[in-house]
Amino acid sequence: MAGPKMLKLPEVLEEIEMSRAAFYRMRARGQAPRLIKLPNGQLRCRRSDLDAWWSSMEETAA
């Protein structure tokens, strides 16, 4: 059975239409989607975490 869908950081940046620098600024403020650091140092984001982040951004804007 396959695990949860994991997105690479460039995929996340493309979907949220944000530069890497802006994303890292948001991350430093604790406002970015939750990321997972793999043993090789690469970052991934679970699809479910990104969807939850999108939902929280909608609630904040409302």
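Keep in mind that what you see is a predicted model, and the values were worked out from it rather than measured.
For the pair R44 and E11, the salt-bridge criterion is not met [side-chain N within less than 4.0 Å of a carboxylate O].
Transitive grouping of hydrophobic side chains (ILVMFWY, heavy atoms separated by less than 4.5 Å) keeps M6 and L35 in distinct clusters. With hydrophobic clusters built from ILVMFWY side chains whose heavy atoms lie under 4.5 angstrom apart, V12 does not share a cluster with I36.
The shortest distance between side-chain heavy atoms of L50 and I16 falls below 4.5 Å.
Distance check, rounded to the nearest 0.5 Å: CG of L7 to NZ of K5 gives 5.5 Å.
Take R46 and apply the side chain to side chain donor-acceptor pair (under 3.5 Å) test, not counting sequence neighbours, and it matches no residue.
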Just list the side-chain donor-acceptor pairs under 3.5 Å for residues 20-29, sequence neighbours left out, or say none.
unit_1 : atom_1 : unit_2 : atom_2 : d
R29    : NE     : Q31    : OE1    : 3.0
R29    : NH2    : Q31    : OE1    : 3.4

